[in-house]
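Heavy atoms only: backbone and side chains are in, while hydrogens, waters and symmetry mates are out. Chain identifiers are assigned alphabetically (A, B, ...) following the order of the sequence lines, protein sequences preceding nucleic acid strands; residue numbering begins at 1 within each chain.
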2 protein chains.
Amino acid sequence: MQGRDKDEGGERTGHEAYDNGEAYDRRAYEPFAVTVDLAVFTIRSGRLHILLVERGQSPYAGRWALPGGFLRPDESAERAARRELAEETGLADVAGLHLEQLRTYSEPDRDPRMRVVSVAFAALVPDAPQAHGGGDAARAAWLPYGTGAQGPGPLAFDHDRILADAHERIGGKLEYTCLATAFCPPRFTLGELRQVYEVVWGTDLDPANFRRKVLATPGFVEQIPGASRLTGGRGKPAALYRAGGAVWLHPPLLRPTPERPEGPRP
Amino acid sequence: MQGRDKDEGGERTGHEAYDNGEAYDRRAYEPFAVTVDLAVFTIRSGRLHILLVERGQSPYAGRWALPGGFLRPDESAERAARRELAEETGLADVAGLHLEQLRTYSEPDRDPRMRVVSVAFAALVPDAPQAHGGGDAARAAWLPYGTGAQGPGPLAFDHDRILADAHERIGGKLEYTCLATAFCPPRFTLGELRQVYEVVWGTDLDPANFRRKVLATPGFVEQIPGASRLTGGRGKPAALYRAGGAVWLHPPLLRPTPERPEGPRP
DNA sequence: ACAAAAGTGTTTATGTTACACCCATGA
DNA sequence: TCATGGGTGTAACATAAACACTTTTGT
């Protein structure tokens, strides 16, 4: 609902007629701080990594947290997220990166100081853009996903939950969309593409069957004629591909083990 | 991001070190109004219906809109949405209904009067709970989904977009979750369950194959021994089932036509 | 008797899985 | 020449689609 009922003080609009007879009181208009949080994934040396920043002040001083920031008055959450992504990664061409709204976290007690509603995003970055610049007091770093409880202890606020949700979303989307190419550089081998699935899902895939599956999906990848590259120094040079125009995978490429994550969050 | 950077005025925290050197100004803290919008679906007389309320005042006076309202200071968006759902539908046992966060809409100009960030939810109601009570100036009604541009003209604000997103989300989730039972009463026939798919997807399904598929998925439905019911007065009485404990469908029940909705929204 | 919907069976096509096997390269 | 990863082939298996057919009800 938009700001209806707010303009004329005390007026009972049609909407209130269905509000069990009680009109909105002033508290209903109390404002919130709105932020964005980013779960930025990349694949580095065969492992899934996540971009984190170290908090310099209370609460959760010294803890790692997801990067993010406040919405500015003239920008949408998507714009704010892309701006933060550019700032935190130091990447110049943020325009083409995959950025996807996850969900909004609004538990009243998620920030001990004030009421903050945060719109969370998941972002995929082809490769570690750089070791990450900046860096005096507050650091930012790519940490391996899932090291203990996110490396050095749990994340600040509810960011462990957000991160887990983001990982599950990405893993699920690999099944039925062409999202995997968003993790890859402009030109990639099918082995690299397969590694995306293996790293995110934490499973091994049959290279032969994976290859057939990908090539059988029109528009998933396009071969770059004549191009090839050595991968890892050993083995036969692999053909290079670029992302195709398709966005959906039909039929889907399901996780090997149908074990779905438990819980009431379908 | 939580309210970091807000507590001590003018202090530059570690986070700002990555903000291209510019500190947040006061505008960054400007508050927003936060609301929830609900896309409440049900199936009535073989058609998909959506719960709408008629706006009584400007802007968009006289237009239909999604029900919703402001977040109260002490409740999460989920709680606010469930509260609104109870108020708008008049249902008493809202606890078991399916309510799912869709996404958050935050375009700066989506409300002409003020800055409103809205968390949208999709809800599924087993049957038309009632013709809908209340009713003087502002009406609320179940309208068939997709009648022209939502029956009497386009919806208020960006609600057409929200509604389309909600419909697409529901349709997609039917493919790989057991969500369909949320549209059904506690005891239902497989024909009624199939109708959910047909109505939401707008396609016909083979009753025989659908039956096999559902029964082959453990935990999707459980037969109620001995019970049966006439459906529509004609035909053989159908066995009755209740929802099982499973939440995921493996393998998925894909839409007959792999035609996915166009657009850059995978 | 007929229409309608439930429910069963069967055939065909399609997709998936698990391998065996060859190819090209660096060490 | 050996290890390594790319790339091809193929048979066994599982799933999905199409459709014929029987059953049980109301009209």
Side-chain angles (χ1 to χ4, degrees), chain A residues 45-46 174-176 184 187-199 201 203-218 220-241 248-259, chain B residues 45-46 174-176 184 187-199 201 203-218 220-241 248-259:
Chain A
S45 48
L174 290 186
E175 291 188 317
Y176 57 95
C184 297
R187 292 147 49 99
F188 55 87
T189 70
L190 293 185
E192 291 166 343
L193 186 66
R194 175 168 46 84
Q195 189 188 235
V196 170
Y197 282 87
E198 293 177 330
V199 165
W201 286 349
T203 60
D204 282 338
L205 297 179
D206 184 311
N209 295 333
F210 179 83
R211 169 190 195 78
R212 260 188 296 267
K213 178 74 186 176
V214 169
L215 295 181
T217 304
F220 193 173
V221 298
E222 296 170 2
Q223 187 167 4
I224 301 172
S228 64
R229 186 170 66 197
L230 278 304
T231 63
R234 278 250 241 305
K236 183 175 174 177
L240 288 176
Y241 296 81
W248 296 103
L249 235 52
H250 264 277
L253 205 164
L254 299 175
R255 285 180 175 93
T257 316
E259 315 285 9
Chain B
S45 49
L174 290 186
E175 291 189 317
Y176 57 95
C184 296
R187 293 148 48 101
F188 53 87
T189 69
L190 293 185
E192 289 166 344
L193 187 65
R194 175 168 45 86
Q195 189 187 235
V196 171
Y197 282 88
E198 293 177 330
V199 165
W201 286 349
T203 59
D204 282 340
L205 297 179
D206 184 313
N209 295 333
F210 178 83
R211 170 192 196 76
R212 259 187 297 266
K213 177 76 186 176
V214 169
L215 295 181
T217 303
F220 193 173
V221 298
E222 296 170 2
Q223 186 166 5
I224 302 172
S228 64
R229 187 171 64 199
L230 278 303
T231 63
R234 276 253 242 302
K236 184 176 174 177
L240 287 176
Y241 296 81
W248 297 103
L249 235 53
H250 264 277
L253 207 164
L254 299 175
R255 286 179 174 93
T257 316
E259 316 284 9

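Centroid-to-centroid, the aromatic rings of A:Y197 and A:F210 come within less than 6.0 Å. Between B:Y176 and A:Y176, the ring centre distance stays below 6.0 Å.
If you measure from atom CG of A:L205 to atom C1' of C:dA18, you get 14 Å, rounded to the nearest angstrom. Rounded to whole angstrom, the span from the CG atom of A:D206 across to the P atom of D:dG5 amounts to 15 Å. With rounding to whole Å, A:L240 atom CG is found 15 Å from D:dG5 atom C1'. Atom-to-atom, CG of B:L249 to P of D:dT15 comes out at 13 Å; the value is rounded to the nearest Å. Between the CZ atom of B:F210 and the P atom of C:dT8 there is a distance of 15 Å, rounded to whole Å. Across the protein-nucleic acid pair, A:L215 atom CG and D:dG7 atom P stand 9 Å apart, rounded to whole Å. Atom pair B:L190:CG and C:dT8:P shows a separation of 10 Å (rounding to whole Å applied). Following rounding to the nearest Å, A:E192 (CD) and D:dG5 (C1') show an atom-to-atom distance of 12 Å.
Nearest nucleotide to the side chain of B:P251, out of D:dA18, C:dG15, D:dT15: D:dT15.
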For nucleotides 24-27 of chain C, which of its nitrogen or oxygen atoms have a protein nitrogen or oxygen under 3.5 Å away, and what is each distance?
residue : atom : partner : partner atom : Å
C:dA24  : N3   : A:K236  : N            : 3.4
C:dG26  : O4'  : A:G233  : O            : 3.3

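Among the protein residues, A:R229 comes within range of no part of the nucleic acid, since none of its heavy atoms lies under 4.0 Å from any strand. Within the 4.0 angstrom heavy-atom criterion, no nucleotide atom of any strand lies near B:A216.
One N or O on the side chain of A:E198 and one on the backbone of A:L205 form a donor-acceptor pair closer than 3.5 Å. Judged by distance alone, with hydrogens and angles left aside, the side-chain atoms of B:E175 form a donor-acceptor pair with the main-chain N or O of B:R255 at under 3.5 Å.
Between B:K213 and D:dT15 there is no side-chain N or O to OP1 or OP2 distance below 4.0 Å. Listed pair A:R194 / D:dG5 fails the phosphate criterion, with no side-chain N or O lying under 4.0 Å from OP1 or OP2. The side chain of A:R211 places no N or O atom within less than 4.0 Å of a non-bridging phosphate oxygen (OP1 or OP2) of D:dG6.
To the nearest 0.5 Å, the span separating CD1 on A:I224 from OH on A:Y241 amounts to 10.0 Å. In this structure, CZ in A:R194 is found 8.5 Å from CG in A:D204, a value given to the nearest 0.5 Å.
In summary, A:E192 and A:R229 engage in a salt bridge, as defined by a charged side-chain N under 4.0 Å from a carboxylate O.
Nucleotides of DNA chain D nearest to B:R212 and A:Y241 differ in position, and the one nearer the 5' end is that of A:Y241.
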